[in-house]
There are 2 protein chains.
Amino acid sequence: MQQAHTEPGPSAWDGVEPEAARRLLSAGVEAFAERGYHATTTRDIAGRAGMSPAALYIHFKTKEELLFRISKVGHERARGIIAGAAGSDGTPRERLDRAVRDFSRWHAERHTTARVVQYELQALGEEHYAEIVTLRRDIDSLLRGIIEDGVRAGDFAVDDIPGTALAVLSLCVDVARWFSAAGSRTPDELGLLYADLVGRMVTAPGRA
Amino acid sequence: MQQAHTEPGPSAWDGVEPEAARRLLSAGVEAFAERGYHATTTRDIAGRAGMSPAALYIHFKTKEELLFRISKVGHERARGIIAGAAGSDGTPRERLDRAVRDFSRWHAERHTTARVVQYELQALGEEHYAEIVTLRRDIDSLLRGIIEDGVRAGDFAVDDIPGTALAVLSLCVDVARWFSAAGSRTPDELGLLYADLVGRMVTAPGRA
DNA sequence: GTCTATACGATGATAGAC
DNA sequence: GTCTATCATCGTATAGAC
């Protein structure tokens, strides 16, 4: 049994019972993030959770259902982060700053989970995929809303609002692909850098 | 045999002989981009190329070698695009503009190839992976060089040069994940939008 | 709920005819 | 160089004991 790399803070599986299901979810995240869904065997997941392969099927109907659970919880968390920023007090610029800071930081701090959330969608079954897509649409709308508010208020100089919203999300999401805890940047530092870069994106250029 | 979706312009496999190997490379790109490397069977690849599974092994030693060939050619092309911009005449701002425009446009226009190039690295064997990593380092250095030139010349206002270079590459790379030919943006339009956004990133903010 | 044992289909790769 | 046939292995998932 391999020891899973543990990310900081409270587990995403705090509400899950029984404990064995929690261990399987955690092991699934680790394995899927490392090798990808299709390259991960149920033997590997069960082994990391300290169980036999058969035990997995007591808690999840299939391997795909395990992925779906991970994806669902992860997407809900991601939406919560953006919703928190979108619904907070402050100017559009402050809300956008907070959205980008928190969203990119989450993708860095939880890069293992985020990698599965963002890059294993295609492995979901049709119905599960459809359910996840609605969550993703929410995230997109919430962020676009902040930018629309800023443009309407005259705070942002943005020509292509949907394109800019897409670029901002894309920038944050891709953190999950390349971020490593061994790198030279902490998640906090990355959040600040990215919030600054996005702040510039929505602002008419001044002088160098 | 399924008909492969054909991307515009000359094939990336123009130099490859014999023609059957070309068909396999092309079929491999399609299949890997659609389902991912591990979910793709040699039967699927061979079927798309109009051959039996056994024929694949005449032209490639393993399925992994087929992926490596695709990845190698794709990365060389990607490096060529950035090198072309970095080595071109013009101010750092003009060179950065060209780099981002061409690089993001390539990821859009060739999103099928780019998806395999950018997202199937982990499926490569150790030695092949190491060879690809050197190409990726080149790409990173070339782009960072442009930004360094601009900062040195006083054209760019950038605090964190490696971080900004990383963000710019990341933004362009992630296009391969979400871009669809069915979407509302052409690759050309995307290139212009992204060049504008990055131009703002390296410029001290003015007023909205 | 967990284990051992195993069914059974699919997969990467090869053998040998043409 | 390509095909048909096939091998050895591995994968998901289940059966049945405890």
Side-chain angles (χ1 to χ4, degrees), chain A residues 1-2 4 13 15-71 116 120 122-129, chain B residues 1-2 13 15-32 34-71 116 120 122-129:
Chain A
M1 169 187 177
Q2 306 172 43
W13 320 118
V16 179
E17 287 295 335
E19 190 250 351
R22 250 187 342 252
R23 288 209 317 275
L24 286 163
L25 287 163
S26 185
V29 168
E30 295 295 325
F32 294 156
E34 243 173 59
R35 313 165 179 266
Y37 174 82
H38 290 291
T40 299
T41 67
T42 52
R43 285 167 171 81
D44 182 11
I45 298 167
R48 288 178 196 241
M51 291 176 229
S52 77
L56 191 152
Y57 294 90
I58 296 156
H59 303 284
F60 302 94
K61 234 173 48 205
T62 63
K63 177 178 135 183
E64 190 269 347
E65 196 197 283
L66 175 61
L67 173 66
F68 172 64
R69 290 296 195 84
I70 292 166
S71 194
V116 179
E120 300 297 335
Q122 68 178 170
L124 290 169
E126 241 181 291
E127 289 183 16
H128 286 160
Y129 179 76
Chain B
M1 168 189 179
Q2 305 174 43
W13 320 118
V16 178
E17 288 294 336
E19 190 249 351
R22 247 181 353 244
R23 288 209 317 275
L24 285 164
L25 288 163
S26 185
V29 168
E30 295 296 324
F32 294 155
E34 243 173 60
R35 313 166 180 264
Y37 175 81
H38 289 291
T40 299
T41 67
T42 52
R43 284 165 175 79
D44 182 12
I45 299 166
R48 288 178 195 242
M51 291 175 231
S52 77
L56 191 152
Y57 294 90
I58 297 156
H59 303 284
F60 303 93
K61 234 172 49 202
T62 64
K63 179 178 134 183
E64 190 268 348
E65 196 198 283
L66 175 61
L67 173 65
F68 172 64
R69 290 296 195 82
I70 291 167
S71 193
V116 179
E120 301 296 335
Q122 66 177 172
L124 290 169
E126 241 180 292
E127 289 181 17
H128 285 160
Y129 179 75

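Note on naming: letters A, B, ... go to the chains in the order of the sequence lines (proteins, then strands), and numbering restarts at 1 for each one.
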Nucleotide [N], atom [atom2] - distance to [atom1] of [X] in whole Å:
| X | N | atom1 | atom2 | result |
| --- | --- | --- | --- | --- |
| B:Asp44 | C:dG12 | CG | P | 10 Å |
| A:Leu66 | D:dA13 | CG | C1' | 14 Å |
| A:Phe60 | D:dT12 | CZ | P | 15 Å |
| B:Leu56 | C:dT14 | CG | P | 11 Å |
| B:Lys63 | C:dG12 | NZ | P | 4 Å |
| A:Tyr57 | C:dT4 | OH | C1' | 16 Å |
| B:Ile45 | C:dG12 | CD1 | P | 8 Å |
| A:Glu17 | C:dG1 | CD | P | 10 Å |

Protein-nucleotides 2-4 of chain D N/O pairs closer than 3.5 Å?
unit_1 : atom_1 : unit_2  : atom_2 : d
D:dT2  : OP2    : B:His59 : NE2    : 2.6
D:dC3  : OP2    : B:Ser52 : N      : 2.8
D:dC3  : OP2    : B:Ser52 : OG     : 3.0

Name every donor-acceptor pair, under 3.5 Å, that has one atom in a side chain of residues 62-70 of chain A and the other anywhere in the protein, sequence neighbours excluded.
unit_1  : atom_1 : unit_2   : atom_2 : d
A:Thr62 : OG1    : A:Glu64  : N      : 3.3
A:Thr62 : OG1    : A:Glu65  : N      : 3.1
A:Lys63 : NZ     : A:Tyr37  : O      : 3.1
A:Lys63 : NZ     : A:Thr40  : O      : 2.7
A:Glu64 : OE1    : A:His128 : ND1    : 3.0
A:Glu64 : OE2    : A:Gly125 : N      : 2.7
A:Glu64 : OE2    : A:His128 : ND1    : 2.9

Taking only side-chain N and O atoms of A:Thr42, does any of them lie within less than 4.0 angstrom of OP1 or OP2 on D:dT12?
yes

Contacts of A:Glu127 meeting side-chain hydrogen bond (donor to acceptor under 3.5 Å, both in side chains) (sequence neighbours excluded), chain-then-number -> none

Among residues at least two apart in sequence or on other chains, which ones pass side-chain hydrogen bond (donor to acceptor under 3.5 Å, both in side chains) with A:Ser71?
A:His75

Measuring from atom CZ of A:Arg23 to atom CE of A:Met51, what distance do you get when rounded to the nearest 0.5 angstrom?
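One finds 4.0 Å between CZ of A:Arg23 and CE of A:Met51.
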
Residues which pass side-chain contact (heavy atoms from CB on, under 4.5 Å) with B:Ala21, listed by chain and number, not counting sequence neighbours:
B:Val16, B:Pro18, B:His59, B:Phe60

Going by the rule side-chain contact (heavy atoms from CB on, under 4.5 Å), which residues pair with A:Glu126 if we only count those two or more places apart in sequence or in a different chain?
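Result, side-chain contact (heavy atoms from CB on, under 4.5 Å) vs A:Glu126: none returned.
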
I want to confirm an ordering. Mapping A:Ala39 and A:Lys61 to their closest nucleotides on DNA chain D, which one lands closer to the 5' end?
A:Ala39

